[in-house]
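Remarks on the structure that follows.
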Amino acid sequence: MSTATVDKPIITAAHIPTNAAATSAPVRSPNSTTPKTKTILLGFDLGTNKSCVLAGAAGTADITVSKVVPSVVGYVKDGIVDGIVAGNRTILFGDDALTNMLHVKLVAPLQQGVIQHPDAARDFLKHIRSLADPSGQAEIRAVVGMPANADEKARDDIRRCAYGIFDRILLIPEPFLAALGYRDDSRVGQSGYIDPVVNALFIDIGGGTSDLCLVQGYFPTREDQISIPFAGDAIDGLLSDELDRIYPNNGLSRIKVREIKEAHGYVGPSRKPLEVKVIMGGKARSLELGDVLAQSGNALIDKIYPALTTLIQRASSDSVVTLLQNIIVTGGGSQIRGIDTLLQKKLTDDGYETPKVRLAGQDYKRYVALGALKAARAARENQWQVLLG
Amino acid sequence: MSPEILSSPTVEYSPVGEVRRIIRRICLLRAVGRAPEAARLELNELASASVHLPGLGGESVEAIFSEEMSRVTDASLVAELMAPLLAQSLGPLLRTSNVGSTAPPIATRTPSAAPPANGSPPSIADFIDGMLAQERPA
């Protein structure tokens, strides 16, 4: 079941030639006759598994909405009796959808960072809009994160889905937004502070893709970015396959497998014993997962390490020493235990000059969206792309 | 073609203004050879906007069409005349611009992917300029 259609063609018109501030007089949606009384800026990390939205009124520094929402839409199945689903809603989103998974058909709008189910994506974007603007009266300008080196089709798919939901849009690669979000603006210019936007290498490990990006004081070129279609979901897949092999008919759902990974995942040498308690067929069982978790986690390292060294080698000799001090791992994958120390050790073992790999920290879920909101606030009027019908 | 005809985000809302804006977009789409999209706009948005109008303040849809088409034609002529002059005077600065694109070729400053010469960190808007420059076809 879907409430959305995506059959409308779009025109994207960049560079509207005006110097008017975003806070200026009422503006209107390109496809609506309703006058818009205010402008809300959105920083939106549209992730494969989780999305994060930060929003605030144009012309202010306030963040009025800050939410992390699982990227999933639940369409309530036919025949569900009244009152089972709160409010008798027909579509649920995020945690609500997951909580009611027995009564809904779950659809993940994205796969490997790009839109896979346009109708569900449109429903999801409508939900995001409603979080930022419950009145539905504001003009919405959204900066949306994209996987590094996303192709034009992926970008068009986002624009098409956003038509009629967001009024203006900018699509910016996620690792660059992560750098902007991670940047401590209050310390920029202080001695000793290495501005991550001036010289850093970001590794953003999401659900669908792992994106690596050199950020060196200019907007990264295609050569500065590498996107690998191997990330959290792929680890879940490996883990699930291995569990099925060792414990046939275990009945563990992919969501449960992900929970196991998030609670116990690590990289590096196998840590045994690592017993994990699960419920199988209604009975509690303790599974030895030390090797399984190591194998699946290290598979990620095998994918991203060659990309990391490739980007380091592409950096100029003048910048590379400082760059090596500023390698930052973010995204959900940064929570895999030992990922920073293992990458740093591998670089050291390979002879790189005193590398330092750090984790972005507890706010890893929000850096892309925070960078997107910063970009939305800084974007010039003529940089927004208008979605026309 | 003047990019101003694509959008006037600072104009105060009025029903007549809305109808005029839609008609302007229809004319623009027709002018750039996107007749099917123009027709769709006319069928959907224009029809809807016109229905909700108590009256057009004395202006007929046909008159607005005529006026807006004239403006779009004039703008196209001006653009046609100005383009070679601008190309000549700006020379290499235009190499990264999107000549021939239906998107308005506006950039009043040349986006650059390079950091500023004074060593200060570039602004976020400068980064976005760099990104937009990369997105334009060579």
Side-chain angles (χ1 to χ4, degrees), chain A residues 8-22 24-28 30-37 39 139 143 152 155 167-168 170-173 176 180 183 188-189 195 197-198 215-222 371 374-375 377-386 388-389, chain B residues 2-4 6-15 17-19 21-22 25 28-29 32 34 36-37 40-41 44-45 48-53 97-98 101-109 111-116 119-136:
Chain A
K8 286 205 174 196
I10 63 158
I11 304 164
T12 58
H15 318 309
I16 300 304
T18 168
N19 292 321
S24 58
V27 287
R28 303 177 303 274
N31 60 340
S32 167
T33 56
T34 309
K36 301 295 175 68
T37 53
T39 299
E139 178 184 87
V143 171
E152 195 50 41
R155 304 168 72 83
D167 299 270
R168 298 184 187 211
L170 265 177
L171 305 177
I172 299 181
F176 179 74
L180 279 185
R183 182 192 218 184
V188 171
D195 183 349
V197 174
V198 169
V215 185
Q216 296 200 290
Y218 56 89
F219 192 83
T221 64
R222 295 191 77 79
K374 287 182 184 180
R377 287 185 164 144
R380 298 188 188 101
E381 191 70 16
N382 66 352
Q383 292 175 325
W384 288 100
Q385 296 180 318
V386 183
L388 299 178
Chain B
S2 166
E4 289 180 2
L6 259 185
S7 173
S8 308
T10 59
V11 175
E12 289 287 340
Y13 176 81
S14 76
E18 179 68 12
V19 169
R21 185 184 68 82
I22 295 168
R25 285 168 57 206
L28 177 64
L29 288 167
V32 297
R34 297 182 173 188
E37 292 159 41
R40 197 158 28 239
L41 205 58
N44 299 329
E45 287 194 32
S48 158
S50 303
V51 161
H52 295 298
L53 281 176
S97 75
N98 193 6
S101 163
T102 52
I106 316 319
T108 51
R109 51 191 302 286
S112 168
S120 62
S123 72
I124 295 174
D126 291 334
F127 281 117
I128 297 172
D129 267 347
M131 179 189 78
L132 294 172
Q134 286 180 36
E135 286 179 0
R136 291 188 196 109

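In what follows, chains carry the letters A, B, and so on, assigned in the order in which the sequence lines appear, proteins first and then strands, with residues in each chain numbered from 1.
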Query raised in the report: What's the shortest heavy-atom distance between A:A378 and B:A125, and which atoms?
Result: O-CB, 3.5 Å
Query raised in the report: Considering all heavy atoms of both residues, which atom of A:R222 and which atom of B:Q134 are nearest to each other, and what is their separation?
Result: N-OE1, 4.1 Å
Requested in this report: Select one option (side chain, backbone, both, neither) describing which atoms of A:L180 are under 4.5 Å from chain B's heavy atoms.
Outcome: side chain
Query raised in the report: B:I124 pairs by side chain to side chain contact (heavy atoms under 4.5 Å, CB included) with which of A:K374, A:R377, A:R380?
Result: A:K374
Query - Side-chain heavy-atom pair B:F127, A:I172 within 4.5 angstrom cut-off - result: no
Query raised in the report: Atom CE in B:M131, atom CD in A:Q383: separation rounded to 0.5 Å?
Result: 8.0 Å
Report summary line: Taken to the nearest 0.5 Å, the spacing of B:I128 CD1 from A:N382 CG works out to 10.0 Å
